[in-house]
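Here the structure comes first, spelled out in structure tokens, and everything after it is commentary.
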Amino acid sequence: MNVQLTWRGGMAFDATARGHVVTIDSRSPVGADGGQSPKELLLASIGGCTAMDVAGILRKARQKPTRIDVRVEADLPSGPHPRVFTRANLTFVVDGEVEVATVVEAVRASQTLYCGVTAMLSRAFPIHYDVIVNGANAASGQADFGSVPTASTSPDGT
């Protein structure tokens with residue numbers, strides 16, 4: 001997997017992967033605010049990874065969602081650099097002809113088994129989630145991948 005960054009001037013860069021381009025920039029006055037910041041893209045990555053998991057699991061379970069939204073918020077305290085996220089919260093909003101238990105299980109599975117982005121980042125800061133199905137609060141939890149193997153650990157734990 002690789003991404004090529006190409007400077008566009010100022011603080012803006014184009015990030016290209018597999019022919020797809022995303023513009024990255026800093027907010028004004030440092031940059032021209034011509035794209036998402038690197039930290040915003042990190043949050044988009046968490047949301048995108050888990051949203052795809054949930055959509056795929058619901059499709060496999062023959063559910064019929066009309067809406068799958070994931071809101072991602074993170075705490076970023078002010079202070080000295082590097083400024084890092086201290087926690088994140090994901091809010092899953094699913095509407096449609098879906099079973100509440102199936103949606104909750106899809107989110108739980110994503111946040112404990114499947115989402116590689118959440119698995120990586122939950123080592124750096126806690127990631128909580130809330131699930132809202134057809135307008136009603138259905139569940140809350142925290143990402144927990146247990147003992148996910150690291151690059152230096154084989155799948156059998158050695």
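Contact of the Thr118 side chain with the Phe145 side chain is registered, since non-hydrogen atoms from C-beta on lie closer than 4.5 Å. Counting heavy atoms from C-beta outward, Ile24 and Leu41 have side chains that approach closer than 4.5 Å. Side-chain contact between Phe13 and Thr6: absent, with no pair of heavy atoms (C-beta onward) separated by less than 4.5 Å.
For the side-chain contact (heavy atoms from CB on, under 4.5 Å) criterion with Arg71, the lone passing option out of Val93, Leu43, Leu90, Asp130 is Val93.
Note that the NZ atom of Lys64 and the CD atom of Glu99 stand 11.5 Å from one another [nearest 0.5 Å]. One distance of note links OG1 of Thr23 with CZ of Arg8; it measures 4.5 Å at 0.5 Å rounding. In this structure, the separation between CD on Gln111 and NE2 on His128 is 11.0 Å, given to the nearest 0.5 Å. To the nearest 0.5 Å, atom CD1 of residue Ile68 and atom CG of residue Leu58 are 5.0 Å apart. One finds the CG atom of Asn89 at 10.0 Å from the CD atom of Gln142 (value rounded to the nearest 0.5 Å).
Within 6.0 Å of OH in Tyr114 there are 12 or fewer heavy atoms belonging to other residues, nucleotides or ligands.
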Working for salt bridge (Lys or Arg N to Asp or Glu O under 4.0 Å), residues Arg27 and Asp33:
CA-CA 4 Å; Arg27 293 180 183 163; Asp33 201 15; 5.5 Å; no

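The aromatic rings of Phe85 and Phe125 stand perpendicular to each other, their planes meeting at an angle above 60°, with 30° marking the opposite boundary.
Proximity of a side-chain donor or acceptor of Ser122 to a complementary backbone N or O of Ala119 within less than 3.5 Å is detected.
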